[in-house]
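Down below is the structure, laid out as structure tokens.
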Amino acid sequence: MKGFPKIKEWKAKLAYTLAYFVTIVIFRVFDLPCVWQHFLHIPCPGCGMTRATLAALHLQFAAAFRYHLMFWAMPLLYLYFLLDGKLFRKPMIDKIVLWSIAAGFLINWVIHLVNA
């Protein structure tokens with residue numbers, strides 16, 4: 001069928017998704033440190049994202065924003081991944097949204113660096 005991703009592509013995307021979540025679980029269960037922060041001694045751009053996501057899942061949005069301002073972007077980025085970067089009908093809108101998210105991550109990272 002035209003327009004639908006191939007089964008093989010979906011299997012690969014599912015495998016990547018499962019690997020991502022297994023990695024997060026391993027880091028959380030064994031309380032492993034952030035590799036970036038361990039070696040560079042500064043917070044990484046994603047520091048606080050796991051705590052923010054868990055807070056959001058508990059509907060504690062104020063806490064989620066304190067942990068990481070861009071926690072809300074992760075589901076959107078995941079949709080981009082699933083839909084091969086074609087979330088909106090106009091590619092320019094996709095680019096604007098992605099650059100805005102990147103700028104948000106950069107701003108959040110600078111805030112964490114200043115407050116560290």
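- Nearest heavy atom pair, residue F105 against residue A73, reads CE1-CB, 4.4 Å.
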Exercise. Would you please test L14 and W10 for side chain to side chain contact (heavy atoms under 4.5 Å, CB included) and show each step?
Key: CA-CA 6 Å; L14 179 61; W10 278 98; over 6 Å; no

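- In this structure, CE in M49 is found 12.0 Å from SG in C34, a value given to the nearest 0.5 Å.
- Between the side chain of N108 and the main chain of L69, a donor-acceptor pair closer than 3.5 Å is present.
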Table please: side-chain donor-acceptor pairs of residues 54-61 below 3.5 Å, with sequence neighbours left out.
| residue | atom | partner | partner atom | Å |
| --- | --- | --- | --- | --- |
| H58 | ND1 | L54 | O | 2.8 |

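- Both I107 and W72 are assigned to one and the same hydrophobic cluster, defined by single-linkage of ILVMFWY side chains at heavy-atom distances under 4.5 Å.
- Taking each heavy atom of G85 and D94 in turn, the nearest pair found is O-OD2, 3.2 Å.
- The shortest side-chain heavy-atom distance between R51 and F71 does not fall under the 4.5 Å cut-off.
- The side-chain heavy atoms of W36 and P45, taken from C-beta on, include a pair separated by under 4.5 Å.
- Taking the side chain as every heavy atom from C-beta outward, L87 and V97 never approach each other to under 4.5 Å.
- Tracing side-chain contacts under 4.5 Å through hydrophobic residues (I, L, V, M, F, W, Y), one reaches F88 starting from M74; they form part of the same cluster.
- Atom CD1 of I26 is separated from atom CZ of F21 by 13.5 Å, given to the nearest 0.5 angstrom.
- For F81, the CZ atom sits in a packed shell: over 12 heavy atoms of surrounding residues, nucleotides or ligands are nearer than 6.0 Å.
- By the rule that hydrophobic residues join a cluster once side-chain heavy atoms approach within less than 4.5 Å of another member, W109 and L77 end up as members of separate clusters.
- Grouping the Ile, Leu, Val, Met, Phe, Trp and Tyr side chains by contacts below 4.5 angstrom, directly or via other members, places M70 with L79.
- Nearest heavy-atom pair across L82 and K13 is O-NZ, 2.9 Å.
- The hydrophobic cluster containing I42 also contains L106, counting ILVMFWY residues as joined when their side-chain heavy atoms lie under 4.5 angstrom apart, directly or transitively.
- Contact check for K90 versus I96: no side-chain heavy atoms found under the 4.5 Å cut-off.
- The NE2 atom of H38 sits 7.0 Å away from atom NE2 of H41, with the distance rounded to the nearest 0.5 Å.
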